[in-house]
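See below for the structure under consideration.
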Amino acid sequence: DLTDGQYWGVVSMVLDVDQLFAEVGIAPEVNGLELALRGKDGLGTQGEVFLGDAALFQQDVVTAEIQTPGGDWWLAARPVGGWVQGDPLNGWRAAIWAAALLLGWVFYQALSGLRRQRAAERALRRSESKLRGMFELSPVGLALVNQEGFFFEFNTSFRQVCGYGTDELKTLTYSQITPPEYDDEENRQRRMLAETGYFGPYEKEFIRKDGRRVPVRLRGMLVDRPDGPPDIWSIIEDVSHWKEIENTLREQKDMLTVILENSSVGMAFNRGDDMVWVNPRMCEIFGYSSEEFRPLAVQSLFFSDDDFAAF
């Protein structure tokens with residue numbers, strides 16, 4: 001398929017011709033007629049005979065061209081045992097021509113259907129290949145879980161989050177790798193899934209194979225299947241990096257708060273005219289408590305408007 005400008009590959013189809021003929025009712029003898037077909041590989045009169053007796057083409061027969069999507073076939077037909085002397089041949093010949101036209105239409109429809117089916121199968125394979133590639137290369141974990149909670153399909157990112165191999169994961173349920181303190185949240189998410197078909201987003205932890213806990217953010221949905229209850233698609237994001245950033249920022253904030261609270265210099269933060277925060281030294285200098293400071297306008301701390309303007 002070169003429609004997109006790239007060479008995709010070669011598709012080969014093995015066709016059981018005898019089975020095809022049997023399914024459409026074609027045989028060397030049909031309803032009192034001897035039949036033979038030639039034109040193997042669509043070569044028409046130059047092709048080999050692939051149905052019936054090749055010698056039939058050397059007899060007194062009626063022939064008809066059958067056009068197919070892959071080329072031309074030629075049909076030879078006569079009554080079984082040959083023509084009967086004295087019988088009017090027009091009726092036989094008309095019947096044979098009708099049979100030839102019907103046969104050509106049947107083959108054309110059968111082969112056209114096969115070509116359409118083959119094109120649909122190629123498109124389906126391309127689509128499945130693309131989806132499989134996206135599934136495996138996704139930077140977030142993807143997992144398909146049945147109603148019992150067992151993992152039966154998942155991508156590389158999810159295996160890396162959990163630290164288990166493929167065979168090991170298929171023997172585990174999500175409950176087995178979830179710490180027990182998340183049971184209440186898990187039950188709430190299951191109720192949401194049953195009521196809406198979706199769950200999350202929410203955060204919890206997984207227990208890795210090495211015993212370490214990894215923070216994750218999850219969301220997912222129910223997906224129907226034709227042969228049983230729906231499965232559950234889950235998207236699992238490892239948020240360890242973001243948790244580390246949050247912890248670092250929290251530690252820095254705590255450290256800065258300690259420094260400001262214990263500074264020997266009076267400090268205050270204001271937003272517009274509102275006093276947002278003052279440290280203990282600032283309270284000592286002005287003789288106000290921190291609660292008394294907050295409703296004060298910044299300008300009220302200066303002796304004059306000129307002093308405030310200079311500030």
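The structure presented is a predicted model; accordingly, all values stated were derived computationally and were not measured.
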Under 4.5 Å between side-chain heavy atoms, hopping through other hydrophobics if needed: is there a path connecting Val239 to Val161?
-> no

Within-4.5 Å side-chain heavy-atom neighbours: Phe152 and Leu144 | yes

Could you tell me whether Glu48 and Arg38 have a side-chain N and a carboxylate O separated by less than 4.0 Å?
-> no

Joint hydrophobic cluster, Val214 plus Leu169, side-chain heavy atoms closer than 4.5 Å | yes

Using the rule that two of Ile, Leu, Val, Met, Phe, Trp, Tyr join whenever any of their side-chain heavy atoms come within less than 4.5 Å, decide whether Leu51 and Leu43 are in one cluster.
-> no

Common cluster, Val278/Val276, ILVMFWY with side-chain heavy-atom separation under 4.5 Å | no

Between Gln189 and Tyr202, does any side-chain donor sit less than 3.5 Å from a side-chain acceptor?
-> no

Heavy-atom pair with the smallest gap, counting every atom of Gln147 and Pro229 | CG-CB, 3.9 Å

Heavy-atom closest contact (Ile207 atom, Tyr164 atom, distance) | O-CE1, 4.1 Å

Taken to the nearest 0.5 Å, the spacing of Phe206 CZ from Cys162 SG works out to 5.5 Å

Shortest non-hydrogen separation from Ala76 to Leu56 and the atoms involved | O-CD2, 3.7 Å

Can you get from Val140 to Tyr198 by hopping between Ile, Leu, Val, Met, Phe, Trp and Tyr side chains that sit under 4.5 Å apart?
-> yes

Within a strict 4.5 Å, meaning less than it, do heavy atoms of the Glu292 and Cys283 side chains meet?
-> no

Mind checking whether Ile232 and Val223 have side chains closer than 4.5 Å, heavy atoms only?
-> no

Closest contact, heavy atoms only, Phe199 versus Leu193 | CD2-CD1, 3.9 Å

Interatomic spacing from OG in Ser290 to CE in Met282 - rounded to 0.5 Å | 12.5 Å

With a 4.5 Å limit on heavy-atom distance, are the side chains of Gln252 and Leu249 in contact?
-> yes

Could you walk me through whether Tyr174 and Glu186 pass the side chain to side chain contact (heavy atoms under 4.5 Å, CB included) check?
-> CA-CA 10 Å; Tyr174 64 84; Glu186 288 290 289; 3.5 Å; yes

Least distance between heavy atoms, Pro215 atom then Ser240 atom | CD-OG, 3.4 Å

CE (Met267) and CD1 (Ile259) are apart, to the nearest 0.5 Å, by 9.0 Å

Trace of the salt bridge (charged side-chain N to carboxylate O under 4.0 Å, His left out) decision for Glu181 with Arg213 | CA-CA 13 Å; Glu181 59 263 33; Arg213 293 189 176 194; 2.4 Å; yes

Which value, rounded to the nearest 0.5 Å, describes the distance between Gln58 atom CD and Asp53 atom CG?
-> 10.0 Å

Side chain to side chain contact (heavy atoms under 4.5 Å, CB included) between Ile235 and Leu218: does it pass, once the steps are laid out?
-> CA-CA 6 Å; Ile235 301 174; Leu218 301 96; over 6 Å; no

For Lys204, does the NZ atom have more than 12 heavy-atom neighbours from other residues, nucleotides or ligands under 6.0 Å away?
-> yes

Inspect the surroundings of OH in Tyr182 and state if more than 12 heavy atoms from other residues, nucleotides or ligands are less than 6.0 Å away.
-> yes

In Å and rounded to the nearest 0.5 Å, what is the CD to NE2 distance from Glu244 to His241?
-> 7.5 Å

Any sub-3.5 Å donor-acceptor pair from Asn279's side-chain atoms to Leu260's backbone N or O?
-> yes

Does any non-hydrogen side-chain atom of Leu172 lie less than 4.5 Å from one of Ile177?
-> yes

Would you call the rings of Phe154 and Phe151 parallel, tilted or perpendicular, where under 30° means parallel and over 60° means perpendicular?
-> perpendicular

Does Thr173 offer a backbone N or O that forms a donor-acceptor pair with the side chain of Gln176 under 3.5 Å?
-> yes

In sequence, state the C-alpha distance, the side-chain angles, and the governing distance for Arg225 and Asp231, and then conclude on side chain to side chain contact (heavy atoms under 4.5 Å, CB included).
-> CA-CA 7 Å; Arg225 63 176 184 176; Asp231 296 320; 3.6 Å; yes

Does the distance from a Lys or Arg side-chain N to an Asp or Glu carboxylate O, for Glu153 and Arg159, drop under 4.0 Å?
-> no

Before accepting this row, confirm whether a basic side-chain N of the pair Arg219/Glu237 lies closer than 4.0 Å to the acidic partner's carboxylate O.
-> no

With side chains defined as the heavy atoms from C-beta onward, is the minimum distance between Val49 and Leu37 less than 4.5 Å?
-> no

Heavy atoms of other groups near Gln46 CD, more than 12 under 6.0 Å = no

Reported CD1-to-CZ distance for the pair Ile236 and Arg217, which is rounded to 0.5 angstrom | 13.0 Å

Asp254 atom CG: more than 12 heavy-atom contacts under 6.0 Å = yes

Heavy atoms of Asn155 and Gly141 approach each other most closely as OD1-CA, 3.6 Å

